[in-house]
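Each residue takes its place number in the sequence, starting with 1.
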Amino acid sequence: MALINYALVGSPIEHSPSPAMHNAAFETLKMNAEYRLRSADEEAAELVLAEIRHGKWSGINITTPLKTVFAPMVQLQGHAVRANAVNTLWRYGSEVHGALTDVDGVMLPLQEVGFEEKKSALILGAGGAARAAAIALDNLGTKIHVAARNPHKANEFLNLMEVQNPGTTGALKDKEFLQKLIASVGCVIQATPIGLNGESHQLPWEAAKPNLVAFDMIYKPVETPFLKGAADAGCTTIAGWKMLLAQGAASLKIWTGREAPVDAMENALKAELGIK
Ligand code: NAP
């Protein structure tokens with residue numbers, strides 16, 4: 001049986017734990033398949049698309065900086081239509097289809113910790129990943145507030161996403177704004193690169209309600225200053241690897257039509273990230 005190839009496409013991707021996670025899934029499912037890294041910048045997008053069309057890849061994941069680059073080039077499905085961004089591509093007849101399983105990546109971990117519908121949430125950041133957070137929260141009927149380093153972008157973001165229940169917007173450095181929101185919301189989702197290198201938003205966690213859910217999209221390091229601050233204040237935390245796992249499982253299901261072996265994927269991901 002010929003080897004079926006899948007890949008992660010983007011840049012930089014050298015240190016991604018996705019190959020370990022997906023290859024563990026293929027092994028468990030006894031598929032003769034391999035998930036590889038396919039480094040690409042914006043100029044290579046057409047070439048990558050041709051590679052899918054010609055069968056080099058049965059499916060690919062798209063990561064930074066290409067999620068919005070591929071969106072106008074493929075047939076968007078589901079949440080990808082609203083986000084105008086994709087992280088999962090596959091061939092369907094002569095067309096390439098694209099989905100955004102990052103929305104599953106936000107939704108599932110929130111459901112696992114019992115985040116309730118109709119509560120309010122604060123999203124930090126107004127980029128691509130924040131779109132997935134907004135769609136997941138909007139599907140739950142949550143009132144959505146946004147803080148970004150440029151408050152105009154936060155405002156534009158809420159308008160662009162056309163959420164059912166828009167809240168307030170403000171600047172990430174506006175301490176008073178953040179203090180008020182952290183004291184009232186049921187969830188904070190961190191969707192900026194702050195924390196990748198130990199930086200911190202310096203959030204006033206002491207103001208948080210005890211049942212606040214703090215969700216950091218960053219998965220490396222596993223414990224960011226955001227998560228540590230929230231945990232020290234007694235909040236429920238969701239680490240970024242849970243999003244990576246849930247979006248990966250949803251991608252695998254799209255590609256194979258089979259339920260993802262989530263336990264095997266989780267074990268591989270944890271081993272890769274050094275999580276005990
Ligand atoms: P993006 O589209 O580039 O957006 C980044 C957002 O962060 C923008 O709002 C940007 O503001 C803001 N930002 C950038 N640098 C900042 C700084 N120094 N201070 C404050 N805000 C800053 O990136 P993305 O795709 O949304 O990704 C955001 C994070 O989520 C990344 O760390 C990524 O690795 C992570 N992520 C994780 C998963 C997962 O599965 N766990 C999935 C997707 C993304 P401007 O617009 O002003 O530049």
Side-chain angles (χ1 to χ4, degrees), residues 4-26 33-76 79-80 83-91 96-106 125-133 148-149 153 190-199 216-222 224 239-241 243-252 254-255 265 268-269 272-274:
I4 313 168
N5 289 299
Y6 297 88
L8 176 66
V9 174
S11 177
I13 53 173
E14 298 74 35
H15 304 293
S16 169
S18 290
M21 175 174 75
H22 282 288
N23 287 326
F26 297 145
E34 191 181 0
Y35 187 103
R36 298 196 252 152
L37 297 176
R38 195 312 184 189
S39 181
D41 58 13
E42 197 165 337
E43 276 93 73
E46 285 288 355
L47 179 59
V48 171
L49 216 56
E51 289 172 359
I52 303 186
R53 285 209 176 90
H54 294 124
K56 177 168 181 180
W57 310 112
S58 292
I60 60 175
N61 280 135
I62 305 291
T63 189
T64 188
L66 302 177
K67 289 181 183 182
T68 52
V69 172
F70 276 97
M73 302 165 75
V74 302
Q75 294 290 322
L76 300 178
H79 301 305
N84 203 19
V86 289
N87 77 329
T88 305
L89 302 187
W90 67 101
R91 192 166 47 127
V96 178
H97 284 207
L100 184 67
T101 67
D102 284 344
V103 178
D104 305 79
V106 176
R131 293 185 198 179
R149 62 176 162 183
K153 285 199 182 175
Q190 200 302 112
T192 80
I194 294 292
L196 282 174
N197 299 304
E199 322 89 309
D216 199 342
M217 289 193 177
I218 289 175
Y219 56 82
K220 211 190 262 179
V222 173
T224 57
W241 67 264
M243 177 176 178
L244 191 65
L245 176 64
Q247 63 79 34
S251 295
L252 193 100
I254 289 174
W255 295 328
M265 294 171 81
L269 189 55
E272 200 66 15
L273 293 172

**Q** Fit a plane to each ring of His22 and Trp255, take the angle between them on a 0 to 90° scale, and name the class: parallel (under 30°), tilted (30 to 60°) or perpendicular (over 60°).
**A** tilted

**Q** Gln247 pairs by side-chain contact (heavy atoms from CB on, under 4.5 Å) with which of Asn87, Asp104, Val106?
**A**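 Single side-chain contact (heavy atoms from CB on, under 4.5 Å) partner of Gln247 among Asn87, Asp104, Val106: Asn87.
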
**Q** Considering only heavy atoms from C-beta outward, does the side chain of Thr88 approach that of Asn61 to under 4.5 Å?
**A** yes

**Q** What closest approach, in Å, do Ala71 and Val86 show between heavy atoms, and which atom pair accounts for it?
**A** N-CG2, 4.1 Å

**Q** Using 0.5 Å steps for rounding, measure from the OG atom of Ser18 to the CG atom of Leu37.
**A**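 Rounded to the nearest 0.5 Å, the OG-CG separation comes to 8.5 Å.
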
**Q** Excluding sequence neighbours, so at least two apart, what forms ring pair (Phe, Tyr, Trp, His ring centres under 6.0 Å) with Phe26?
**A** Tyr6

**Q** Compare every heavy atom of Asn5 with every heavy atom of Lys56, then report the nearest pair and how far apart it is.
**A** O-CB, 3.4 Å

**Q** Quick one: pull up CG in Leu244 and CG in Leu269 and give me the separation to the nearest 0.5 Å.
**A**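 Atom-to-atom, Leu244:CG and Leu269:CG are 5.0 Å apart.
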
**Q** Testing the basics here: between Ala80 and Gly98, what is the closest heavy-atom pair and its distance to 0.1 Å?
**A**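 Heavy atoms of Ala80 and Gly98 come nearest at CB-O, 3.6 Å.
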
**Q** Please give me the minimum heavy-atom distance between Ala132 and Leu100, naming the atom from each residue.
**A**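 In terms of heavy atoms, the two residues are closest at CB-CD2, 4.3 Å.
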
**Q** Hey, what do you get for CG (Asp102) to CD1 (Ile62), rounding to the nearest 0.5 Å?
**A** 11.5 Å

**Q** Return yes when atom CD of Glu42 has more than 12 non-hydrogen atoms of other residues, nucleotides or ligands closer than 6.0 Å, and no otherwise.
**A**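 Atom CD in Glu42 is not packed in, count stays at 12 or less.
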
**Q** Are side-chain heavy atoms of Arg131 and His79 found at a separation under 4.5 Å?
**A** no

**Q** Which heavy atom of Ser11 sits nearest a heavy atom of Ala40, and at what distance?
**A** CB-O, 3.6 Å

**Q** Look at the side chain of Lys220 and the backbone N and O of Pro17, then say whether any donor-acceptor pair between them is shorter than 3.5 Å.
**A** no

**Q** Roughly how far, to the nearest 0.5 Å, is CD1 of Ile194 from OG1 of Thr224?
**A** 11.0 Å

**Q** Check the surroundings of atom CD in Glu14: do more than 12 heavy atoms from other residues, nucleotides or ligands lie under 6.0 Å from it?
**A** yes

**Q** Does a side-chain heavy-atom distance below 4.5 Å link Arg38 with Leu47?
**A**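 Heavy-atom side-chain distance check passes, below 4.5 Å.
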
**Q** State whether the number of non-hydrogen atoms from other residues, nucleotides or ligands found under 6.0 Å of Lys153 atom NZ is greater than 12.
**A**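 Atom NZ in Lys153 is not packed in, count stays at 12 or less.
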
**Q** Could you pull out the closest heavy-atom pair between Gly195 and Pro221, with the gap in Å?
**A**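 Smallest heavy-atom distance, with atoms named: O-CD, 3.5 Å.
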
**Q** Hey, what do you get for CH2 (Trp241) to CD (Glu272), rounding to the nearest 0.5 Å?
**A**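 Atom-to-atom, Trp241:CH2 and Glu272:CD are 14.0 Å apart.
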
**Q** Going through the checks in order, is the side chain to side chain contact (heavy atoms under 4.5 Å, CB included) test met by Gln190 and Ile218?
**A** CA-CA 8 Å; Gln190 200 302 112; Ile218 289 175; 3.8 Å; yes

**Q** Rounded to the nearest 0.5 Å, what separation is found between the CZ atom of Arg91 and the CG atom of Leu49?
**A** 11.5 Å

